[in-house]
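Below is one structure, written out as structure tokens; comments come after it.
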Amino acid sequence: MIGFGIGAMCFLALLIYTLFFALPFEQTYCEENRLRAAYTEGVYGLCRHPGVLWFAGAYLCMWGMFGGWKQGIYFLLMIFWNYLYIIFQDLWTFPQTFFNYREYQKNTPFLIPNKESIQACFYSVRKQ
């Protein structure tokens, strides 16, 4: 139970980092910019939706902590709805929002990192 709790906290920390600290703050949240570029560095070099990996990991660890089939159904449904949401974002919202999103889609895996994307992530983190 403690291991699942530690895992959930680690995944939650990764999720918070990915959503709020991995992006350049000024460009993302402060500047009004009609021509926006998708951020492709760091964890966003791993895959196009790294937060979903951390979200799923946190929910699966919480299921491991709490157990039970009702909780399992709830946790799996939350992961499923989040997955449907990122499909919508990937097909509609982000191509409309970011001018370079089609190129980003070609160069970066949708959800599961591969060898090249892992190397790109570590390379971009090291150069910062």
Side-chain angles (χ1 to χ4, degrees):
M1 182 118 123
I2 292 173
F4 284 119
I6 292 170
M9 294 300 290
C10 289
F11 281 117
L12 182 61
L14 282 167
L15 180 62
I16 291 169
Y17 169 76
T18 299
L19 296 176
F20 299 108
F21 299 103
L23 299 167
F25 185 82
E26 288 291 323
Q27 293 171 349
T28 305
Y29 301 110
C30 297
E31 293 178 6
E32 182 72 30
N33 188 355
R34 295 191 134 246
L35 198 59
R36 296 188 94 153
Y39 190 69
T40 61
E41 305 281 318
V43 292
Y44 290 96
L46 278 177
C47 64
R48 295 193 303 271
H49 303 278
V52 173
L53 298 176
W54 318 143
F55 180 89
Y59 268 68
L60 292 173
C61 285
M62 286 188 285
W63 184 16
M65 278 175 42
F66 299 118
W69 65 272
K70 286 183 181 180
Q71 291 87 343
I73 290 171
Y74 172 77
F75 292 140
L76 292 174
L77 276 173
M78 292 301 103
I79 293 168
F80 173 75
W81 292 121
N82 194 21
Y83 182 70
L84 287 182
Y85 178 57
I86 65 162
I87 290 172
F88 174 74
Q89 287 179 318
D90 205 67
L91 294 175
W92 174 256
T93 308
F94 291 160
Q96 302 291 321
T97 306
F98 305 112
F99 73 87
N100 66 335
Y101 199 72
R102 296 287 183 212
E103 182 181 330
Y104 183 45
Q105 286 175 311
K106 291 177 188 172
N107 298 327
T108 308
F110 175 66
L111 192 57
I112 307 300
N114 59 31
K115 182 181 176 185
E116 292 81 24
S117 68
I118 293 169
Q119 289 174 341
C121 171
F122 286 131
Y123 176 76
S124 69
V125 169
R126 263 189 271 143
K127 79 176 185 181
Q128 291 176 354

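Since we're looking at a predicted model, the values are computed, not measured.
Summarising the hydrophobic clusters (Ile, Leu, Val, Met, Phe, Trp, Tyr; side-chain heavy atoms under 4.5 Å, direct or chained), the residues clustered with Met1 are none. In this structure, Trp92 shares a hydrophobic cluster with Phe88, the cluster being traced through Ile, Leu, Val, Met, Phe, Trp and Tyr side chains under 4.5 angstrom apart.
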Distance-only donor-acceptor hits, side chain of residues 2-11, under 3.5 Å, sequence neighbours excluded:
none

Can you list, pair by pair, the side-chain donor-acceptor contacts under 3.5 Å of residues 114-121, counting residues two or more places apart and other chains?
residue, atom, partner, partner atom, Å
Asn114, OD1, Glu116, N, 3.1
Asn114, OD1, Ser117, N, 2.7
Asn114, OD1, Ser117, OG, 3.2
Ser117, OG, Leu46, O, 2.8
Ser117, OG, Asn114, N, 2.9
Ser117, OG, Asn114, O, 3.0

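Within the structure, the salt bridge (charged side-chain N to carboxylate O under 4.0 Å, His left out) test picks out no pair touching residues 55-64 (sequence neighbours left out). Residues in residues 93-108 take part in no salt bridge (charged side-chain N to carboxylate O under 4.0 Å, His left out) pair, two or more places apart or across chains. Screening residues 3-21 for salt bridge (charged side-chain N to carboxylate O under 4.0 Å, His left out), with sequence neighbours left out, gives no hits. Within the structure, side-chain hydrogen bond (donor to acceptor under 3.5 Å, both in side chains) contacts touching residues 51-62 (residues at least two apart or in different chains) are Thr18-Trp54. Every pair tested for side-chain hydrogen bond (donor to acceptor under 3.5 Å, both in side chains) that includes a residue from residues 61-80 fails, sequence neighbours excluded, so the list is empty.
Between the CG atom in Asn82 and the CG atom in Leu77 there is a gap of 12.0 Å [rounded to 0.5 Å]. Atom CZ of residue Phe55 and atom CG of residue Leu19 lie 10.5 Å apart, to the nearest 0.5 angstrom. To the nearest 0.5 Å, atom OH of residue Tyr104 and atom CZ of residue Phe94 are 9.0 Å apart. Once rounded to the nearest 0.5 Å, the distance linking CG of Leu76 with CG of Leu60 reads 6.5 Å.
Listed by chain and residue number, Arg48, His49, Tyr83, Ile86, Ile87, Asp90 satisfy the side-chain contact (heavy atoms from CB on, under 4.5 Å) test with Phe110 (two or more places apart in sequence, or in another chain). Contacts of Tyr44 classified as ring-ring contact (aromatic ring centres under 6.0 Å, His included), with partners at least two apart in sequence or in another chain: none.
Counting non-hydrogen atoms of neighbouring residues, nucleotides and ligands closer than 6.0 angstrom, the OH atom of Tyr85 reaches no more than 12 such neighbours.
Judged by distance alone, the side chains of Tyr101 and Gln105 never bring a donor and an acceptor atom under 3.5 Å apart.
Looking only at distances, a side-chain donor or acceptor of Ser124 sits under 3.5 Å from a matching main-chain atom of Gly42.
For the residue pair Leu53 and Cys47, the shortest heavy atom distance occurs at CD1-SG, 3.8 Å.
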